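Step one of this worksheet: look at the structure below.
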There are 2 protein chains.
Amino acid sequence: MTSLARMLAILDLFDEGASVWTAEAIAGRLGYSLPTGYRYVRELSEAGLLRRDAGGTYVLGPRVIELDYRIRVGDPMIMAGQRVMRALADDTGCDVVLGTIYGERIVTIHQEHGGEGIAATYGRGRRMPLFRGMMSKVILAELPRPRLRRLHEHHREEAQGGTLPPDWEGLVLALKAVRKAGYSISQGELDPGLVGIAVPLVDKAHRLIAALGFAITGRRFATSDNARLVALLREAADRIARSLPATIAEQRPASRPRVRRAAHA
Amino acid sequence: MTSLARMLAILDLFDEGASVWTAEAIAGRLGYSLPTGYRYVRELSEAGLLRRDAGGTYVLGPRVIELDYRIRVGDPMIMAGQRVMRALADDTGCDVVLGTIYGERIVTIHQEHGGEGIAATYGRGRRMPLFRGMMSKVILAELPRPRLRRLHEHHREEAQGGTLPPDWEGLVLALKAVRKAGYSISQGELDPGLVGIAVPLVDKAHRLIAALGFAITGRRFATSDNARLVALLREAADRIARSLPATIAEQRPASRPRVRRAAHA
DNA sequence: CTGCTTTTCTCGTATGTTGATAAATTCATT
DNA sequence: AATGAATTTATCAACATACGAGAAAAGCAG
């Protein structure tokens, strides 16, 4: 493990539960010496990722908020998705959510409200349980086998509490079905009374990029045309995928003519 | 400069303009060797702070969105401010914003909409110009002299374009006045047609923590009772300051009895 | 499959990171 | 304001490990 990773591991501490830490507690928890703990915390604070709060405590820093803003206005995927998702929300009145997997976490990265005042528990930035909910199912279903395997091994306990079969064989079977169907409907798995419908969002090489989904009330779902909703999602997912910049050619800083390596130390 | 700081410097590249970078461009731009560039990018990607996009490009990662969520629901300052700010927005119909300074940046960290449909350019996460706008003025006015000095030196150019005197003596004088007044009103400095009113938010030791402000339309401002608005802000700022956890006693991970140093490697 | 680009590896060296201890802040309280 | 207790940084030698050059590997488009 590199010093870089050790430092970044500090951010993990803020993920669950505690949102306030002392440098001492951080060092103790992660097994770093006190000076090292302070060193890391200082570096992160200087980068704005942590903020020193009252009484020698540290909290996540304003830089995170700033970077989040940069994502909202600059991320290619969100930029491509926003318009389509907005239209979809307007047309249907449903909440539309976009989620993705990174590492071993599934997170909602964008959400457009449909105006029916759905108070979904799982809004933007919220981590989703791996084995329940429409998005997780549809994402897991598209994962390459080895990756799914690792995920399952690392999160055995969580798999127990999910709505998918907790054992490996059963899981694979269930996900195969989801993959075949091309969508997933989950009723009340995350919020009681809410129904989620999701489809995978894949690139032209059929690699999973994200999951796109509806959240609607159970009441409405009872009289809704599922096939139609799924079709709408598929269409929207397609549209988003197509409008994703294939390979951003523009980007290489215009000034620099493709240096082979750094010109200076 | 430590390797930690060098790695974190990569995040700066995403701050302005470009939101998509190749590893090669990053290495070139920051003067790192190619392997080092890739190493850093990999570490950041593994932490989720970057995400590998199509075509070997990298963008800010979903972890940022997740951390931002953690701030929204867990940051003591925002938690303390939210309720008060919401009430203030409801009572007045004005937009209410909370901003802070970190390093040499002033950023809006929370915003409550007043329902008058103000489309403020400077919402949550947006970096504000250092020398214009209500929040910047009120924040700079409370800064310790040496820190202000450094800020001014490092941002000479920006000071030119501000609405404060660009020269040091003039700046100090103007800010002294702001400090004495205890509030700042800026008309159309950020958004034409919008007026901002801000007061400093200080802790019991009178150290600056943040700035709390209103954004209202010029039309409304023309017939508004400024003294009253300022008083409302002051009261709210006080209430927020008082409800800030002085020293979070609860936090130290209950399990660990105040270790002197790490028990293991 | 075949070139191409992107990314990781290998490895010796030098640099930078580490932890114990001490010094210096900062902070709360009298 | 001053004291004492906290938090935070500095010192410094030993050691680990981050570094760069080049090569190899892995992805990727045609």
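Computed from heavy atoms alone, side chains included, the values below leave out hydrogens, waters and symmetry copies. These figures come from a predicted structure and were not determined experimentally. Chain naming here is simple, since letters A, B, ... match the order of the sequence lines and numbering starts at 1 in each.
Side-chain to base pairing of A:R39 with C:dG19: one donor and one acceptor N or O lie within less than 3.5 Å of each other.
For C:dT26, neither phosphate oxygen OP1 nor OP2 lies less than 4.0 angstrom from any side-chain nitrogen or oxygen of A:R52.
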Tabulate below the donor-acceptor pairs under 3.5 Å that side-chain atoms of residues 67-75 of chain B make, not counting sequence neighbours, or state none.
residue : atom : partner : partner atom : Å
B:D68   : OD1  : B:R124  : NH1          : 3.0
B:D68   : OD1  : B:R124  : NH2          : 3.3
B:D68   : OD2  : B:R72   : NH1          : 2.5
B:D68   : OD2  : B:R124  : NH1          : 3.1
B:Y69   : OH   : A:R126  : NE           : 3.3
B:Y69   : OH   : A:R126  : NH1          : 3.4
B:R70   : NE   : A:F14   : O            : 3.0
B:R70   : NE   : A:D15   : O            : 3.0
B:R70   : NH1  : A:D15   : O            : 3.2
B:R70   : NH2  : A:G17   : O            : 3.2
B:R72   : NH2  : A:R124  : O            : 2.9
B:D75   : OD1  : A:R51   : NH2          : 3.3
B:D75   : OD1  : B:M77   : N            : 2.8
B:D75   : OD1  : B:I78   : N            : 3.1
B:D75   : OD2  : A:R51   : NH2          : 3.0

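Rounded to a whole Å, the CG atom of A:L34 is 15 Å from the P atom of D:dA10. The distance from atom OH of A:Y32 to atom P of C:dT18 is 9 Å, rounded to the nearest whole Å. When rounded to the nearest whole Å, the span between CG of A:L44 and C1' of D:dT8 equals 16 Å. Straight-line distance from the OH atom of A:Y58 to the C1' atom of D:dT8: 7 Å, rounded to whole Å. Separating the CD atom of A:E43 from the C1' atom of C:dG16 is a distance of 12 Å, rounded to the nearest angstrom. Here C:dT7 presents its C1' atom at 13 Å from CD1 of B:I26, a figure rounded to the nearest Å. When rounded to the nearest whole Å, the span between OH of A:Y38 and P of D:dT11 equals 18 Å. The NZ-P distance, from A:K204 to D:dC28, rounds to 12 Å in whole Å.
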- Please assess A:Y40 against A:S3 for the test side-chain contact (heavy atoms from CB on, under 4.5 Å), listing each intermediate value before the final yes or no. CA-CA 9 Å; A:Y40 288 169; A:S3 67; 3.8 Å; yes
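The side chain to side chain contact (heavy atoms under 4.5 Å, CB included) search around B:R147 returns B:I101, B:L143, B:P144, B:R150, not counting sequence neighbours.
Using modelled atom types, no side-chain atom of B:E66 and backbone atom of A:V107 make a donor-acceptor pair closer than 3.5 Å.
Under a 4.0 Å N-O distance rule, the pair B:R39/B:E43 does not qualify as a salt bridge.
Each of A:P35 and A:L4 was matched to the nucleotide of DNA chain D holding its nearest heavy atom; the match closer to the 5' end belongs to A:P35. Residue B:M1 is the one, among B:A205 and B:M1, whose nearest nucleotide of DNA chain C lies closer to the 5' end (criterion: closest heavy atom). Of the residues near DNA chain D, A:R42 and B:S3, the one whose nearest nucleotide (by heavy atom distance) lies more toward the 5' end is A:R42. Of the two residues near DNA chain C, B:R207 and A:T36, the one whose nearest nucleotide lies more 5' is A:T36.
Candidate nucleotides C:dC27, C:dT7, D:dA10 were compared by shortest atom distance to the side chain of B:A23, and C:dT7 ranks first.
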